[in-house]
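Every chain is numbered from 1 and lettered A, B, ... according to where its sequence line falls, protein lines coming before strand lines. Heavy atoms only: backbone and side chains are in, while hydrogens, waters and symmetry mates are out.
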There are 2 protein chains.
Amino acid sequence: MSTKPKSPARPPSSAVEDYLERILGLINTKGYARVVDIAQSLDISQASVTNMVQRLDAEGLLNYEKYRGLVLTPAGEALAKNITHRHELLTDFLKLLGLDDAVIYHDVEGMEHHISPPTLRAIEALTAHLTRQPSLLARVREQLDAN
Amino acid sequence: MSTKPKSPARPPSSAVEDYLERILGLINTKGYARVVDIAQSLDISQASVTNMVQRLDAEGLLNYEKYRGLVLTPAGEALAKNITHRHELLTDFLKLLGLDDAVIYHDVEGMEHHISPPTLRAIEALTAHLTRQPSLLARVREQLDAN
DNA sequence: AATCTAATTTAGGCTTACCTAACTTTATTG
DNA sequence: CAATAAAGTTAGGTAAGCCTAAATTAGATT
């Protein structure tokens, strides 16, 4: 019993990952994700959100009823949690290096879509080990502060 | 005497960076970069390359003469060297962590466009310090090999 | 229940970056 | 030096994601 690939099974686009990540975030903080909330969160128009939400419904990543709202399907939730995990791990790593929150937010937003599982695991392991090397971290941070 | 911003001075798109990076690479290895070479290197059609090369000429990033070839302008060369530097630094860092060449190539190709100068400097510093921590690196690599 | 407002949807367009097919120019070579 | 092959260009199209403006629906307030 294999998972059924509808078509060529392309990986989700960055845009799709961004939408799913925000939708999960909204559901976790507000309990729901309306079109207007998603639009505000991503700083795009409500019309664009409606389009994408219809597409995500067609792709089976969420269940959407016109004018009524949406819920993530198991597949959509899995993708959302996956991208959220990448986001958090990268954020933790860059925080450890002493970078600015604004810089971290910006860079992670871009990089999170391009990091494969092995690279993610390596950075996860590195972060864990570095946490117990405060002197090494201090030296890295010094070099940063010295512009 | 400030550098003159033609328009709103948007940052170069990922596509522009990819083209410039390959063009510089071809010039460094073959001495020149023809449309057909760039197309092969990026695995896209010659027609697409012709279009982009005309655009890069219009933007002052290279000088292009129809049917005759192209050379990078100082501005174009600066951008090309900048993205190449990001590529190399990220590659060095992931190599240090013990990742597969194929994985590294793929991930760096995506991430290089989304890493800001501060983050780059942090990773540069970290790479330098880690190089002198073989035992820490060994522990990270162990964790990777253990899937 | 009628009205008003906020949320949503539809329609029509735009830009980027790619494509194929057809054509033109340049370079090679017999 | 004419013919062929390779390289380059143009024309016309497509798909993803965004936009604004104009409907439409739902929900709240009287």
Side-chain angles (χ1 to χ4, degrees), chain A residues 6-23 26-27 30-71 76 79 83 109-110 112-114, chain B residues 6-23 26-27 30-71 76 79 83 109-110 112-114:
Chain A
K6 311 248 176 205
S7 310
R10 264 177 306 179
S13 70
S14 297
V16 166
E17 290 189 333
D18 283 338
Y19 277 91
L20 291 175
E21 186 177 8
R22 297 310 177 98
I23 289 169
L26 286 166
I27 288 174
K30 310 187 59 168
Y32 55 84
R34 291 179 307 170
V35 167
V36 67
D37 301 319
I38 301 166
Q40 272 189 346
S41 176
L42 290 172
D43 195 27
I44 61 184
S45 74
Q46 295 183 16
S48 298
V49 173
T50 294
N51 274 342
M52 179 60 92
V53 157
Q54 288 170 347
R55 176 182 144 191
L56 295 177
D57 177 278
E59 290 179 10
L61 298 174
L62 49 81
N63 290 321
Y64 173 61
E65 278 182 87
K66 245 187 182 182
Y67 298 107
R68 288 289 156 187
L70 59 89
V71 286
L79 280 181
I83 180 66
E109 208 61 53
E112 60 181 2
H113 305 293
H114 302 281
Chain B
K6 309 249 175 206
S7 311
R10 264 176 307 178
S13 69
S14 298
V16 165
E17 290 189 334
D18 282 338
Y19 276 93
L20 291 175
E21 186 177 8
R22 298 308 178 99
I23 289 169
L26 286 166
I27 289 174
K30 310 186 58 166
Y32 55 84
R34 292 177 307 170
V35 167
V36 68
D37 301 320
I38 301 167
Q40 272 189 346
S41 176
L42 290 172
D43 196 26
I44 59 184
S45 74
Q46 293 184 19
S48 298
V49 173
T50 295
N51 273 342
M52 180 60 92
V53 156
Q54 287 169 347
R55 175 181 146 193
L56 295 177
D57 178 279
E59 289 177 11
L61 298 174
L62 50 80
N63 290 321
Y64 172 61
E65 279 181 88
K66 244 188 183 183
Y67 299 108
R68 286 291 155 186
L70 58 88
V71 286
L79 280 182
I83 180 67
E109 207 62 52
E112 61 182 1
H113 305 294
H114 302 282

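B:Tyr32 OH to B:Leu26 CG: the interatomic distance, rounded to the nearest 0.5 Å, is 9.0 Å. Atom-to-atom distance recorded for B:Met52:CE and B:Glu59:CD is 8.0 Å, nearest 0.5 angstrom. With values rounded to the nearest 0.5 angstrom, A:Lys66 atom NZ is found 7.5 Å from A:Gln54 atom CD. In this structure, CG on A:Leu42 lies 5.0 Å from CZ on A:Arg22, to the nearest 0.5 angstrom.
Using a 4.5 Å heavy-atom threshold, the side chains of B:Leu70 and B:Ile38 count as touching. A 4.5 Å side-chain heavy-atom check between A:Leu79 and A:Glu17 finds every atom pair outside the cut-off.
One can place CD1 of A:Ile38 at 13 Å from P of C:dA7, the figure rounded to the nearest angstrom. Atom pair B:Gln40:CD and D:dA7:C1' shows a separation of 12 Å (rounding to whole Å applied). Between the C1' atom of D:dA7 and the CG atom of B:Asp37 lies a distance of 10 Å, rounded to the nearest Å.
The two residues B:Arg55 and B:Ser13 have their closest heavy-atom pair at NH2-OG, 4.0 Å.
Scored by the side chain to side chain contact (heavy atoms under 4.5 Å, CB included) test, A:Val71 finds A:Asn63 as partners (sequence neighbours excluded). Partners of A:Ser45 according to the side chain to side chain donor-acceptor pair (under 3.5 Å) rule, which considers only residues two or more places apart in sequence or in another chain, are A:Ser48. In this view, A:Asp18 and A:His113 satisfy the side chain to side chain donor-acceptor pair (under 3.5 Å) rule, not counting sequence neighbours.
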Using a cutoff of under 3.5 Å, can you pull out all pairs of nitrogen or oxygen atoms linking the protein to nucleotides 20-26 of chain C, with atom names and distances?
none

Pairwise N/O distances under 3.5 Å, protein to nucleotides 13-17 of chain C:
| unit_1 | atom_1 | unit_2 | atom_2 | d |
| --- | --- | --- | --- | --- |
| C:dA17 | OP1 | B:Ser13 | OG | 2.7 |
| C:dA17 | OP2 | B:Arg55 | NH1 | 2.1 |
| C:dA17 | OP2 | B:Arg55 | NH2 | 3.3 |

Please enumerate all protein N or O atoms sitting under 3.5 Å from an N or O of nucleotides 1-6 of chain C, with distances to 0.1 Å.
none

